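Right, one structure below, let's go through it.
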Amino acid sequence: MEKFIATLIYFFAVIDPIGSVPVFISVTNGYSDVHKKEIAYRAILVSAIILVAFVLIGEFVLKAVDIPIPAFQIAGGIVLFLFALSMIFGESKPEEEKKMEGGSDVSVFPLAMPSIASPAAILAAVLLTENAQYSIWEQALTVLAILLVLGITLKFLLLSNRIYHVIGEAGAAIISRIMGLILTSVAVTQVLMGIQEFFK
């Protein structure tokens, strides 16, 4: 149970549901409430497909291109660390609000990728379902954690205007920085575990 809660917190940090709220508000500005709801559901569906796909085939892809899991873990930990630093010192989800193109499906880009199914979330989906380390049951719990966080994200998106009105820009930034601090610790742990596994 403790491991499941830790995994849930991990994915809450990397998916960052609250950080997705200002992105959602920005890209859906001017749309009707019905259209906003459709975009929210589609973004979550696409994100779920991406993350679950990486759970199922991510490790096989790495093996196909001959990348050992420890090397991916170390590289991923470094990327995750840099991502976490941008959350602490930069703005929450800094670039995604700017990446809007007229006529594009905003539910896929920038909402599903790279906002919700972020590189850090994809990395976590692969590392936390490694066949050598985790049983089928543990991998199933990881998928459940992903889907629960995506469910929370959907709820936040549907209530985005109300949430942003309550917490404001400052509140969203504070929460993002707290999540970033948690992620830096996770990233360092991933690097240390990768180094330890590599030299076994």
Side-chain angles (χ1 to χ4, degrees), residues 1-21 44 47-60 62 68-90 92-93 112-157 163 167 171-200:
M1 188 64 181
E2 287 181 9
K3 190 174 286 187
F4 176 74
I5 292 172
T7 302
L8 198 64
I9 293 171
Y10 188 4
F11 277 104
F12 191 91
V14 292
I15 292 175
D16 191 13
I18 296 174
S20 296
V21 169
I44 295 301
S47 300
I49 291 171
I50 292 168
L51 293 175
V52 173
F54 271 93
V55 167
L56 296 174
I57 64 170
E59 189 174 346
F60 297 109
L62 290 178
I69 290 291
F72 184 75
Q73 195 168 8
I74 294 167
I78 294 169
V79 171
L80 190 60
F81 185 79
L82 295 174
F83 175 80
L85 287 182
S86 73
M87 290 177 69
I88 296 171
F89 297 111
S92 176
K93 308 267 190 183
M113 280 191 78
S115 184
I116 300 170
S118 64
I122 291 171
L123 168 71
V126 175
L127 293 182
L128 294 180
T129 54
E130 185 187 346
N131 292 328
Q133 277 193 318
Y134 301 97
S135 66
I136 295 296
W137 172 246
E138 288 173 321
Q139 293 180 43
L141 287 178
T142 297
V143 172
L144 178 60
I146 291 171
L147 296 178
L148 280 175
V149 174
L150 288 177
I152 294 169
T153 306
L154 174 62
K155 193 68 176 176
F156 281 168
L157 296 185
I163 292 170
I167 66 174
I174 290 169
I175 292 169
S176 179
R177 280 158 174 76
I178 292 171
M179 291 295 101
L181 190 58
I182 293 171
L183 275 187
T184 54
S185 303
V186 172
V188 171
T189 302
Q190 290 289 352
V191 171
L192 293 175
M193 286 174 62
I195 293 172
Q196 184 182 29
E197 191 68 27
F198 186 79
F199 286 105
K200 267 187 180 181

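All values reported here derive from a predicted model rather than from experimental measurement.
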Atom pair OG1 (Thr142) and CG (Leu51), whose distance is rounded to the nearest 0.5 Å
12.0 Å

Measuring from atom CD1 of Ile178 to atom CD1 of Ile18, what distance do you get when rounded to the nearest 0.5 angstrom?
9.0 Å

Between atom OG of Ser115 and atom CG of Asp16, what is the distance when rounded to the nearest 0.5 Å?
7.5 Å

Here the pair of heavy atoms bringing Arg177 nearest to Ile88 is NE-O, 3.1 Å

Taking all non-hydrogen atoms of both residues, which atom of Ile50 and which atom of Ala117 are closest, and how far apart?
CG2-CB, 4.2 Å

Option passing side-chain contact (heavy atoms from CB on, under 4.5 Å) with Ile44 (candidates Ile116, Leu147, Ile49)
Ile116

Taking CZ in Phe4 as the centre, count heavy atoms belonging to other residues, nucleotides or ligands within less than 6.0 Å. Is the count above 12?
yes

Looking at Tyr10, I want to see if its OH is surrounded by more than 12 non-hydrogen atoms of other residues, nucleotides or ligands under 6.0 Å.
yes

Heavy-atom closest contact (Pro70 atom, Gly194 atom, distance)
CB-O, 3.5 Å

Please check: side-chain N/O of Gln139 versus main-chain N/O of Tyr134, any donor-acceptor pairing under 3.5 Å?
yes

Asn131 vs Phe60, test: side chain to side chain contact (heavy atoms under 4.5 Å, CB included). Steps then yes/no.
CA-CA 10 Å; Asn131 292 328; Phe60 297 109; 4.2 Å; yes

Between Ala145 and Thr7, what is the shortest heavy-atom contact and its length?
CB-CG2, 3.9 Å

Evaluate the criterion side chain to side chain contact (heavy atoms under 4.5 Å, CB included) for residue pair Glu130 and Glu197; output intermediate values, then yes/no.
CA-CA 13 Å; Glu130 185 187 346; Glu197 191 68 27; 5.8 Å; no

Test side-chain contact (heavy atoms from CB on, under 4.5 Å) applied to Pro17 and Leu150, Thr153, Leu154, Ile163, the passing residue
Thr153

Within the side chain of Thr184, is there an N or O that forms a donor-acceptor pair under 3.5 Å with the backbone of Leu85?
no

When rounded to the nearest 0.5 Å, the distance separating CG of Leu127 from CD of Glu59 is 9.5 Å

Residue pair Gln133 / Glu138: nearest heavy atoms and the distance that separates them:
O-OE1, 3.9 Å

Least distance between heavy atoms, Val14 atom then Ala124 atom
CG2-CB, 4.5 Å

Residue from Val55, Leu128, Leu141, Thr129 passing side-chain contact (heavy atoms from CB on, under 4.5 Å) with Ile146:
Val55

